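Letters A, B, ... are given to chains in the order of the sequence lines, protein chains preceding strands, and every chain is numbered from 1. What you see is a predicted model, and the numbers here were worked out from it, not measured in a lab.
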2 protein chains.
Amino acid sequence: MSESDLPGSQGGETLLFLTDDQLRQGIEAMFFAYRGFTADPDRILQNYSYGRAHHRALHFINANPGTTVNNLLAILGVTKQSLNRVLRTLIEDGLVQSNVGRSDKRERNLNLTEKGEALEQELSNAQRVRMRAAYRQAGPEAVQGFKRVLEAMMDPEMRRIYTKMRETR
Amino acid sequence: MSESDLPGSQGGETLLFLTDDQLRQGIEAMFFAYRGFTADPDRILQNYSYGRAHHRALHFINANPGTTVNNLLAILGVTKQSLNRVLRTLIEDGLVQSNVGRSDKRERNLNLTEKGEALEQELSNAQRVRMRAAYRQAGPEAVQGFKRVLEAMMDPEMRRIYTKMRETR
DNA sequence: ATTTTAAGTCAGCCTTGTTGACATTCCAAG
DNA sequence: CTTGGAATGTCAACAAGGCTGACTTAAAAT
């Protein structure tokens with residue numbers, strides 16, 4: 001309404017889809033989809049009386065074995081007190097192992113134990129099942145686009161971290 | 001690793017992109033992108049000492065003028081106690097108006113006041129700026145795919161609500 | 001007349017985020 | 001060798017926003 005009553009397309013750079021309503025739809029799609037995205041792990045976590053924060057820690061320790069606390073803080077974007085609370089219970093419960101760094105003994109290298117890997121697997125399996133179904137339903141080209149838009153939506157620093165992680169895999 | 005070493009594409013139904021690593025990348029993309037998605041409104045909300053919950057209420061009242069509390073509960077997927085806490089402050093602060101229903105006097109019809117519309121505009125403007133930039137960067141085909149995957153990721157009931165809202169617009 | 005529904009409220013609990021203060025350990029620079 | 005600063009961890013207190021359970025009021029439906 002407020003812009004772009006322009007009709008037609010000009011191949012790859014249309015403005016047609018940038019009406020406020022189209023953008024609102026995208027916003028709502030993100031909202032509803034994110035709920036689905038977290039629903040399955042959330043259900044599983046209840047059985048262990050853990051929360052989403054525990055899942056995130058498990059996920060990124062698994063993705064970056066031997067990572068330090070500081071690095072994890074940068075990825076998760078929370079305070080160290082917040083992370084520490086979660087990390088402590090995971091260590092106490094024997095899901096995460098924290099080893100003093102070899103070169104710098106102030107640092108802690110974090111790794112999943114077998115038990116930790118098992119839960120991480122259970123959680124990400126559930127999440128992958130939904131992702132796989134969605135990908136299959138939407139088709140390969142859609143998946144390309146999906147990732148392109150999500151990447152463009154990230155804060156630059158997060159995109160940097162995201163890109164680095166996918167490279168070292 | 002666990003499936004699909006099949007090479008090549010078969011036009012629209014490949015399995016190539018469904019490796020666990022590809023799926024994990026999608027999961028991480030969702031995580032990092034959602035942070036970007038909420039970052040701008042979150043910053044604004046601090047100035048008013050409101051939270052994300054207030055934003056969601058404002059958004060969906062704006063999108064469904066005259067909606068009832070029950071309807072809003074279904075959309076947001078929270079308990080009425082949770083919603084009521086947020087709604088009460090918005091009504092007290094004069095952002096939302098609650099009117100007894102005409103046909104059914106048990107119901108309350110919720111609408112934004114001018115003040116409420118102003119804040120909703122400020123918030124969704126900030127969010128749209130980022131969406132618009134991301135859309136433009138990714139291109140129109142990508143946006144199509146983005147929405148297709150997100151829709152496929154929703155719980156069926158949420159997809160129903162999402163679809164209905166976009167129709168009545 | 002009774003039951004059900006919509007809305008609201010009170011109390012209490014949990015998770016997960018925040019600040020601020022402070023201790024410890026240890027690297028590195030002066 | 002000492003000292004400054006970085007990395008880690010911990011304590012306390014607090015807030016937002018979820019949750020459950022119990023209960024009231026008003027109005028609609030049966």
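- Checking side-chain atoms of B/Arg159 against main-chain N and O of B/Glu151 turns up a donor-acceptor pair under 3.5 Å.
- In the set C/dT16, D/dG17, D/dA28, the nucleotide with an atom closest to the side chain of A/Ser82 is C/dT16.
- Note that CZ of B/Arg128 is 12.5 Å distant from CD of A/Gln22, once rounded to the nearest 0.5 Å.
- The residues A/Arg52 and A/Asp42 are annotated as salt-bridged, a charged nitrogen and a carboxylate oxygen being separated by less than 4.0 angstrom.
- A straight line from CG of A/Leu90 to P of C/dT16 spans 10 Å, rounded to a whole angstrom.
- Atoms CG and CD1, on B/Asn71 and B/Ile161 in that order, are 7.5 Å from each other to the nearest 0.5 Å.
- A straight line from CD of A/Glu92 to P of D/dG9 spans 13 Å, rounded to a whole angstrom.
- Rounded to the nearest 0.5 Å, atoms CZ (A/Phe146) and CZ (B/Phe146) are 7.5 Å apart.
- Taking every side-chain heavy atom of A/Arg56 into account, C/dT16 is the closest of C/dT16, C/dC27, D/dG18.
- The interatomic distance linking B/Leu83 (CG) with D/dA16 (P) rounds to 17 Å, in whole Å.
- No donor-acceptor distance shorter than 3.5 angstrom exists from the side chain of B/Asn111 to the backbone of B/Gln97, with no hydrogens or angles considered.
- In this structure, the CD atom of B/Gln46 is 11 Å from the P atom of D/dG17, given to the nearest Å.
- When the side-chain hydrogen bond (donor to acceptor under 3.5 Å, both in side chains) test is applied to B/Arg160, the partners found at least two apart in sequence or on another chain are B/Glu157.
- Look at OH on A/Tyr50: it is 24 Å from P on D/dG18, rounded to the nearest Å.
- When each of A/Ser103 and A/Val78 is assigned the nucleotide of DNA chain C bearing its nearest heavy atom, the one mapping closer to the 5' terminus is A/Val78.
- Under 4.0 angstrom from either OP1 or OP2 of C/dT16 there lies at least one side-chain N or O belonging to A/His54.
- The 5' end of DNA chain C is approached more closely, in terms of each residue's nearest nucleotide, by A/Thr79 than by the other of A/Thr79 and A/Lys105.
- The distance from the OG1 atom of B/Thr113 to the CD atom of B/Glu120 is 11.5 Å, given to the nearest 0.5 Å.
- Whole-Å rounding puts the A/Arg102 CZ to C/dC27 C1' distance at 16 Å.
- Aromatic ring centroids of B/Phe60 and A/Phe31 lie under 6.0 Å apart.
- From one end of the helix from C/dA1-D/dT30 to C/dG30-D/dC1 to the other, with five pairs defining each end axis, the axis direction shifts by 20° (rounded to 10°).
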Between the protein and nucleotides 7-13 of chain C, list the N/O to N/O atom pairs that are separated by less than 3.5 angstrom.
| unit_1 | atom_1 | unit_2 | atom_2 | d |
| --- | --- | --- | --- | --- |
| C/dA7 | OP1 | B/Val69 | N | 3.3 |
| C/dA7 | OP1 | B/Arg108 | N | 3.4 |
| C/dA7 | OP2 | B/Asn70 | N | 2.7 |
| C/dA7 | OP2 | B/Asn70 | OD1 | 3.3 |
| C/dA7 | N7 | B/Lys80 | NZ | 3.3 |
| C/dG8 | N7 | B/Lys80 | NZ | 3.1 |
| C/dG8 | O6 | B/Lys80 | NZ | 2.3 |
| C/dT9 | OP2 | B/Asn84 | OD1 | 3.1 |
| C/dT9 | OP2 | B/Arg88 | NH1 | 3.4 |

